[in-house]
Chemist: 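One structure, as structure tokens, below. Some questions next.
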Amino acid sequence: MTEPLGIFAKFADLTEQEQEIVRRACEAADQGAAHELSYKSNFPVGSAILARNRAGESRIFAGCNVENEWMPAGICAERNAATTAAYEGYKCFQIVSVFCRKFPGGSPCGMCRQVLFQFGRESALLAVVDHDKSVRKSRVEELLPAAQGLVVQYKDMSLTERKLVNRVQELKRRSHVPYSKAPRAALFLAANHNGQRKIFAGVSDDNASYGASALAEAVAMRAARCAGFGTAIELVTMVVDLHALNPVEGECLQVLREFGENTAITLVSSENASVKTSLEELLPDSFGPEAL
Ligand code: THU
């Protein structure tokens with residue numbers, strides 16, 4: 001498993017306010033379990049968020065994971081708490097806490113990271129790591145860091161690299177993006193059981209109900225699965241800024257995580273420059289299948 005983020009702290013060493021937030025996250029997991037809201041996974045998670053509104057008032061909002069027969073229609077605890085806070089007008093997150101009852105130490109998934117990042121990238125994250133409510137303290141922005149690698153210009157790329165870059169740029173025209181207006185494409189290099197390698201393409205596919213939209217990377221990875229190519233080799237994807245925080249959408253990183261802990265990722269800019277990075281770099285301390 002990847003290295004956990006943050007600094008360990010015992011419950012007794014937290015401030016009273018931090019203790020209250022951690023307690024509320026643990027209670028939310030218990031309440032969700034009591035109502036059998038995680039009935040499919042039997043993996044109750046609770047989250048509590050201290051957030052500020054426009055008037056400068058702060059409040060704590062809590063939520064648990066609420067599952068659905070149709071799995072993608074379920075929601076994680078963190079996003080449940082986050083959307084409740086936002087609904088009440090508390091959009092500036094200050095402290096986020098999360099507790100996985102069966103697997104203390106679990107960390108937010110890619111989609112939750114994306115939502116938490118938007119409402120407070122600088123907020124503190126208190127991930128409960130044991131049943132004594134000890135935590136690991138980090139910051140939300142550490143969950144979706146920037147790629148550190150050097151930029152490679154198109155002219156300095158190998159022929160194979162250039163081909164991949166050209167293909168991804170060409171493909172983006174096939175995107176269906178009437179709402180996001182962000183045409184994007186991705187290529188996923190994968191291998192099958194016989195060691196045969198293949199490249200799968202994906203483009204972004206928006207939906208009038210935004211949450212039903214599919215991102216280019218996810219489309220490519222799902223196509224590979226469908227063809228029986230379950231060993232990830234590399235994800236090549238387009239980004240706006242090669243060195244920005246959160247260069248690749250959290251959900252895509254989470255989909256990639258299912259293939260393994262550390263796949264190579266190549267980011268391609270609209271100017272055809274690229275940076276080599278990895279899943280471990282862009283999604284540190286990730287939530288993966290081992291947790292369940
Ligand atoms: N889950 C969360 O609530 N938060 C996370 O960060 C990871 C996963 C939930 C979703 C689902 O109900 C169950 O845990 C198994 O993934």
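Owing to the predicted nature of the structure, the values given are computational and were not obtained by experimental measurement. Both ligands and their constituent atoms are indexed starting at 1 by order of listing.
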Chemist: Tell me whether D30 is salt-bridged to R101, with the criterion being a basic N under 4.0 Å from an acidic carboxylate O.
Modeler: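 Yes, this pair counts.
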Chemist: Just heavy atoms, cut-off under 4.0 Å: does V98 contact ligand 1 by side chain, backbone, both, or neither?
Modeler: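 None of V98 does.
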Chemist: Under 3.5 Å, is there a donor on one side chain and an acceptor on the other for Q169 and N272?
Modeler: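 Checked: Q169/N272 side chains pair up, N/O donor to acceptor below 3.5 Å.
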Chemist: With a cut-off of 4.0 Å, which atoms of ligand 1 are near a heavy atom of E78?
Modeler: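 In order of number, 2 (C), 3 (O), 4 (N), 5 (C), 6 (O).
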Chemist: Taking the six-membered ring of F259 as reference, does the cationic atom of R225 (NZ for Lys, CZ for Arg) lie under 6.0 Å from its centre and within 45° of its axis?
Modeler: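 Checked: cation-pi criterion met.
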Chemist: Are E161 and S274 close enough that a side-chain donor and a side-chain acceptor fall under 3.5 Å?
Modeler: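 There is no such pair between these side chains.
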Chemist: What is the nearest protein non-hydrogen atom to atom 10 (C) of ligand 1, stated with its residue, atom name and distance?
Modeler: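 Residue, atom and distance for the closest contact: C76 SG, 3.8 Å.
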Chemist: Between F43 and V98, is there shared hydrophobic-cluster membership here, with clusters defined by ILVMFWY side-chain heavy atoms closer than 4.5 Å?
Modeler: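 Linked within one cluster.
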Chemist: Measure the distances from the heavy atoms of C112 to every atom of ligand 1 and state whether one is below 4.0 angstrom.
Modeler: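 No, C112 has no heavy atoms under 4.0 Å from ligand 1.
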Chemist: What I want to know is whether F287 and ligand 1 share at least one N or O pair that is separated by under 3.5 angstrom.
Modeler: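 No, since none of the N or O atoms of F287 sits under 3.5 Å from an N or O of ligand 1.
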Chemist: Show which atoms of ligand 1 fall inside a sub-4.0 Å distance from at least one heavy-atom site of L292.
Modeler: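 With L292 as reference, the close atoms of ligand 1 come out as 15 (C).
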Chemist: Which protein non-hydrogen atom lies closest to atom 11 (C) of ligand 1, naming both residue and atom, and how far is it?
Modeler: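 Heavy-atom neighbour on the protein nearest atom 11 (C) of ligand 1: E67 OE2, 3.3 Å.
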Chemist: Hydrogens and angles aside, do S107 and R113 bring a side-chain donor and acceptor to less than 3.5 Å of each other?
Modeler: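 The answer is yes; a qualifying pair exists.
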Chemist: Give me the residue, atom name and distance of the protein heavy atom closest to atom 9 (C) of ligand 1.
Modeler: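 Residue, atom and distance for the closest contact: N65 ND2, 3.4 Å.
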Chemist: Does C109 reach ligand 1, in the sense of a heavy atom lying below 4.0 Å from it?
Modeler: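 A heavy atom of C109 does come that close to ligand 1.
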Chemist: So which heavy atom in the protein is nearest atom 3 (O) of ligand 1, and how far is it from that ligand atom?
Modeler: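 In this structure, atom 3 (O) of ligand 1 has A77 N, 2.9 Å as its nearest protein heavy atom.
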Chemist: Strictly below 4.0 Å, N to O, side chains only: are E234 and K276 in salt-bridge contact?
Modeler: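 K276 and E234: salt-bridged.
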Chemist: State if S107 counts as touching ligand 1 under the rule of any non-hydrogen atom under 4.0 Å.
Modeler: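 True for this residue.
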Chemist: Could you tell me whether E142 and K137 have a side-chain N and a carboxylate O separated by less than 4.0 Å?
Modeler: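 K137 and E142: not salt-bridged.
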Chemist: In a check of side-chain contact (heavy atoms from CB on, under 4.5 Å) between K172 and each of M238, R184, R167, which one passes?
Modeler: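 Of the listed options, the one satisfying the test is M238.
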Chemist: By number and element, which atoms of ligand 1 are closer than 4.0 Å to a non-hydrogen atom of P108?
Modeler: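 Per the distance check, 6 (O).
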Chemist: Between K40 and ligand 1, which residue portion shows a heavy-atom distance shorter than 4.0 Å: side chain, backbone, both, or neither?
Modeler: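 Within the 4.0 Å criterion, K40 makes no contact with ligand 1.
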